[in-house]
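Data first, discussion second: the structure below is written as structure tokens.
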Protein chains: 2
Amino acid sequence: MNAPTAVAAIAPTFSPLYQQIKALITQSLQSGEWKPGELIPSEVELANRFKVSQGTVRKAIDELAAENLVMRKQGKGTFVSTHHEARAHFRFLRLMPDEGVPHYPESKFIEVKRLRAPADVARLLDLKAGDAVVFIKRVQSFDGVPTIVEELWLPGATFKGLTAERLVEYKGPMYGLFESEFGTRMIRATEKIRAVCADDGAAALLKIAASTPLLASERVSFTYGDKPVELRRGLYLTEQHHYHNELS
Amino acid sequence: MNAPTAVAAIAPTFSPLYQQIKALITQSLQSGEWKPGELIPSEVELANRFKVSQGTVRKAIDELAAENLVMRKQGKGTFVSTHHEARAHFRFLRLMPDEGVPHYPESKFIEVKRLRAPADVARLLDLKAGDAVVFIKRVQSFDGVPTIVEELWLPGATFKGLTAERLVEYKGPMYGLFESEFGTRMIRATEKIRAVCADDGAAALLKIAASTPLLASERVSFTYGDKPVELRRGLYLTEQHHYHNELS
DNA sequence: GAGTGGTCTAGACCACCCG
DNA sequence: GGGTGGTCTAGACCACTCG
């Protein structure tokens with residue numbers, strides 16, 4: 001493996017063993033061999049399966065834990081991460097109340113429909129313009145105060161059978177629903193944030209004056225293999241809340 | 001070490017060896033034994049010094065590297081991180097151009113003076129109201145377009161001798177100056193972001209209409225030991241730029 | 001070729017959880 | 001008491017850098 005060839009090696013042909021193990025474990029996560037919330041085999045068991053030492057498996061799992069794909073619990077084992085836990089809820093929700101403890105908002109769905117992807121949406125979701133997408137529009141409120149108006153675009157192929165009923169009856173974060181019902185786990189996301197003036201539509205939904213300044217966020221979320229699976233455009237009212245970020 | 005006592009242990013008295021080593025190395029970084037940009041002793045050397053195995057030193061340095069306090073370079077050694085490098089420049093500057101490659105803005109200083117800390121500033125900087133602080137106001141421009149107006153508050157005791165001249169003549173990011181001239185390295189920061197309307201002052205400096213929506217950021221930066229050493233309140237024009245964030 | 005960080009192994013022991 | 005992850009060690013070898 002990684003033997004020199006007659007021509008100079010262009011690409012880095014060397015891949016550490018623990019990275020290969022990590023890739024194998026990731027495959028099992030992706031294929032659903034171990035589902036979110038479940039216990040994965042112990043380190044010694046995986047070491048035997050892959051014919052490597054425990055230390056090598058350990059280093060692979062270390063990285064997966066750092067990327068929030070699994071969670072280690074001393075004395076119990078290693079578990080597949082899930083969006084169904086308090087810990088995970090605030091990983092993607094960065095809007096915090098200026099006073100008081102963070103909590104999850106209530107959702108009201110305005111619109112849920114299937115349509116064909118506009119060019120800009122298609123580009124961000126790695127689809128072709130005209131491909132089927134699910135469009136969702138909702139308003140979220142903290143303690144009854146409408147604060148977020150959000151439009152989501154999801155690849156239609158992945159989210160077949162997603163209806164307004166499913167969304168309404170489901171309690172908890174939407175990423176939990178996506179994970180349980182559609183086998184799609186959001187791993188990471190990139191966000192672009194700017195300041196804008198509320199247009200008439202947003203102003204009406206948030207019950208504020210038009211031209212109130214709002215935070216505008218465009219988020220693209222990715223699942224395994226860096227595949228984009230959600231475009232979310234949100235407007236945030238930041239009178240009683242702020243977007244929290246840690247720079248490190 | 002960590003011996004059981006007659007009474008039940010209340011606090012977790014156990015601290016892994018590598019954490020203790022990490023703390024010792026951090027002390028040396030803080031004390032200036034190894035300065036930013038410099039090479040620190042090799043892993044074997046540190047292992048000998050601390051009478052532990054190389055693996056233990058390695059794990060300590062692994063964490064320091066993950067926290068951006070040091071940088072490893074295979075074949076060369078481990079270096080103390082510094083803000084004088086391209087890599088570091090965009091760790092704290094999250095405003096990116098919508099088009100084109102990120103680059104550093106030019107600064108124009110509006111005001112540099114020493115005064116007594118208002119109550120809110122004192123609280124965030126862990127000072128007493130009335131303590132001496134340095135106040136800086138500046139405008140930053142990308143390609144000649146004024147885009148950021150920023151007010152900084154710094155503890156007067158730490159930044160003795162900081163003058164407008166030093167700021168103006170210094171080329172490069174301000175954190176580089178703070179590091180080189182005042183021995184204060186910014187390690188991490190927390191940021192609160194909201195949308196606001198430009199007031200007359202900001203509008204004049206940014207050459208925009210009053211009531212243009214702007215991103216308002218309040219950042220508190222910390223040095224070693226989680227000590228707050230900078231409060232920065234910025235207004236960002238997001239017509240041609242956006243605040244970039246990675247959620248993971 | 002010597003020195004550095006990076007990988008891999010094997011084995012011992014510790015802290016934690018649970019039946 | 002037996003299983004799990006967590007720590008620590010000692011030693012071998014690999015990849016990279018530089019004189």
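Each chain gets a letter, A, B and so on, in the order its sequence line appears, and its residues count up from 1. Quick note: numbers below take in every heavy atom, side chains included, and nothing from hydrogens, waters or symmetry partners.
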Using whole Å, report how far [atom1] of [X] lies from [atom2] of [N].
X     : N      : atom1 : atom2 : answer
B:L39 : C:dT4  : CG    : C1'   : 9 Å
B:F14 : C:dC13 : CZ    : P     : 16 Å
A:D62 : C:dT7  : CG    : C1'   : 14 Å
B:M71 : C:dT4  : CE    : P     : 18 Å
A:K73 : C:dC16 : NZ    : P     : 16 Å
A:E45 : D:dG3  : CD    : P     : 12 Å
A:Q20 : D:dC14 : CD    : P     : 16 Å
B:I40 : C:dT4  : CD1   : P     : 12 Å

Can you give me the N/O atom pairs linking the protein to nucleotides 17-19 of chain D at distances under 3.5 Å, or say none if there are none?
unit_1 : atom_1 : unit_2 : atom_2 : d
D:dC18 : OP1    : B:K76  : NZ     : 3.3

Ignoring hydrogens and angles, tell me if any N or O in the side chain of B:R94 forms a donor-acceptor pair with the backbone of B:H244 under 3.5 Å. yes
Main-chain N/O of B:G32 paired to B:K35 side chain as donor or acceptor, under 3.5 Å: yes
So, with a heavy-atom separation below 4.0 Å from DNA chain D, the residues of residues 47-59 of chain B are B:V52, B:S53, B:T56, B:K59
side-chain hydrogen bond (donor to acceptor under 3.5 Å, both in side chains) evaluation trace for A:S180 with A:Y170: CA-CA 11 Å; A:S180 302; A:Y170 189 83; 4.5 Å; no
Using ring centroids (six-membered ring only for Trp), state whether A:Y243 and A:Y236 fall under 6.0 Å. no
So that I know where these two stand, are A:F178 and A:F159 an aromatic pair - ring centroids less than 6.0 Å apart? yes
Minimal non-hydrogen separation, A:H103 against A:L93, with atom names: O-CD2, 4.4 Å
Do the side-chain N or O atoms of A:T78 get closer than 4.0 angstrom to the phosphate oxygens (OP1, OP2) of D:dT4? no
Residue pair A:D98 / A:H241, side-chain donor-acceptor N/O under 3.5 Å: no
Crowded around A:E169 CD? As in, over 12 foreign heavy atoms under 6.0 Å? yes
Hey, which of these two, B:E43 or A:P16, hits DNA chain C nearer its 5' end, going by closest nucleotide? B:E43
Excluding sequence neighbours, so at least two apart, what forms side-chain contact (heavy atoms from CB on, under 4.5 Å) with B:P41? B:W34, B:E45, B:L46, B:R49
